[in-house]
There are 2 protein chains.
Amino acid sequence: MTDSPSQRPGKRERLVEAAVRAFHEQGVEKTTLADIARAADVPLGNVYYYFRSKDLLVEAAVEAHCDRLTALTNRLDALPDPAARLKALIEGWVGQRETAARFGCPFGTLATELDKRDDGLDLAAAQVMRALLDWVERQFGELGRPDARALAVELVAAYQGMSVLTNILRDPGLMAAQGARLTSWIDALAGS
Amino acid sequence: MTDSPSQRPGKRERLVEAAVRAFHEQGVEKTTLADIARAADVPLGNVYYYFRSKDLLVEAAVEAHCDRLTALTNRLDALPDPAARLKALIEGWVGQRETAARFGCPFGTLATELDKRDDGLDLAAAQVMRALLDWVERQFGELGRPDARALAVELVAAYQGMSVLTNILRDPGLMAAQGARLTSWIDALAGS
DNA sequence: GTCTATACGCCGATAGAC
DNA sequence: GTCTATCGGCGTATAGAC
């Protein structure tokens, strides 16, 4: 609401976007409000008009990840069959392998960092992760697998794990190779 | 070296141990030198006699992880066959599932955090990760698998991924279930 | 609503007595 | 070698003019 008429996205939106990016690239703890303000082209003092504390900006960043996930799954739901949806999900991950090699999974690294903080935002992050698991589980369920939940955990864990390794070793090729493995794994499961 | 004779472990060792623990539980960025000094029962100012900067303490913590890994693989090498070694490795991971649920993988979360820092310690962390991958690869090689490296990446990534999910969802049961899956996966690979 | 200037606390690091 | 006291800088947050 309340976008001023003849301007680029409102300051609030710019701040959240800058925060998401900075948290991904530098981590929450190393990111200062000055960093975010500069990236969003908003004066430092003015940040506090939109977010009364840094924690509230972190919370907004988590919500942004949640929205992003919802948008993604909505797009994937347009695909005809569940196997295609899962493979498209993997393809999306692999497509981000260069930034993953540099900064890790945008959501995974954030959630991991939140688990070491005092704020209660780790719970919100867990909710988002559960939403992803639920969606993946639904796809495996539509494929007729009774062990859909376990397979969902296996797939998402494989992604998080290859993100960690890709990041630590700075090797996007690792994610490409593991992505290919997961894709043929989906094919094998769907074909059986 | 230079442990004073009739005393508990030297201050340097206590500081490193406290640092490893604090970095795991709170993260590097949130951990202050005062935290470490207190946990090690060393006066704050004295820390700088042993480590001229916080970065050097972080470096020492990475080296400690490296030593810990070497000690582990040495122990596992005493086991008769490679499949048993790999399953013992997994068993060790699962045995740590309660702390993993609370704080994640001690080394994975540290390495991930180092990747967002300016110091060059991410390279040292990558070396340690590579050492683990090399050892696991050797086991798969001894099992006669030509795709030993890919399997090693798959196993370690699975562990890192389930650590992330276990941590975010605060669910040690997830790691137990995935560990069981990996164990029977090893059995299937070794039996074929 | 917007922005500047600044208060205030915390933390890494140092000085220097013992 | 050990420890206390403290400096200096940075980062969150606020006060208050416009």
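Note that these values count all heavy atoms, side chains included, but never hydrogens, waters or copies made by symmetry. Just so it is clear: chains get the letters A, B, ... in the order the sequence lines come, proteins before strands, and each one is counted from 1. Computed from a predicted structure; not experimentally measured.
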Check whether any side-chain heavy atom of A/L132 sits under 4.5 Å from a side-chain heavy atom of A/Y159, and report yes or no.
no

Within this structure, what is the CG-to-P distance between B/D35 and C/dG12, rounded to whole angstrom?
8 Å

Atom pair distance, as rounded to whole Å: CG in A/D118 and P in C/dC10
14 Å

CZ of B/F51 versus P of D/dG1: gap in Å, rounded?
14 Å

Of A/R52 and A/K30, the one whose nearest nucleotide on DNA chain D sits closer to the 5' end is A/K30

Rounded to whole Å, how long is the line connecting atom CG of B/N46 with atom P of C/dT14?
15 Å

Starting from C1' on C/dT2, measure out to CG on A/L15 and report it in whole angstrom.
13 Å

Would you indicate, yes or no, if D/dT2 has its OP1 or OP2 atom less than 4.0 angstrom from a side-chain nitrogen or oxygen of B/Y49?
no

Step-by-step side-chain contact (heavy atoms from CB on, under 4.5 Å) determination, B/D35 to B/K30
CA-CA 10 Å; B/D35 290 336; B/K30 285 208 59 156; over 6 Å; no

Using a heavy-atom cut-off of 4.0 Å across all strands, would you classify A/Y50 as base, sugar-phosphate, or nothing?
sugar-phosphate

In this structure, how many angstroms lie between the P atom of C/dA5 and the CG atom of A/L44, rounded?
12 Å

From the candidates D/dT2, D/dT12, C/dG12, the one with an atom nearest any side-chain atom of A/T32 is D/dT12

Nearest-Å distance, CZ (B/R12) to P (D/dT2)?
13 Å

Whole angstrom value for the distance that separates P of D/dT12 from CG of A/L33:
4 Å

Report yes if the side chains of B/D41 and B/K11 come closer than 4.5 Å at any heavy-atom pair, otherwise no.
no

Measure the acute angle between the ring planes of A/F103 and A/H24, then classify it against the limits of 30° and 60° as parallel, tilted or perpendicular.
perpendicular

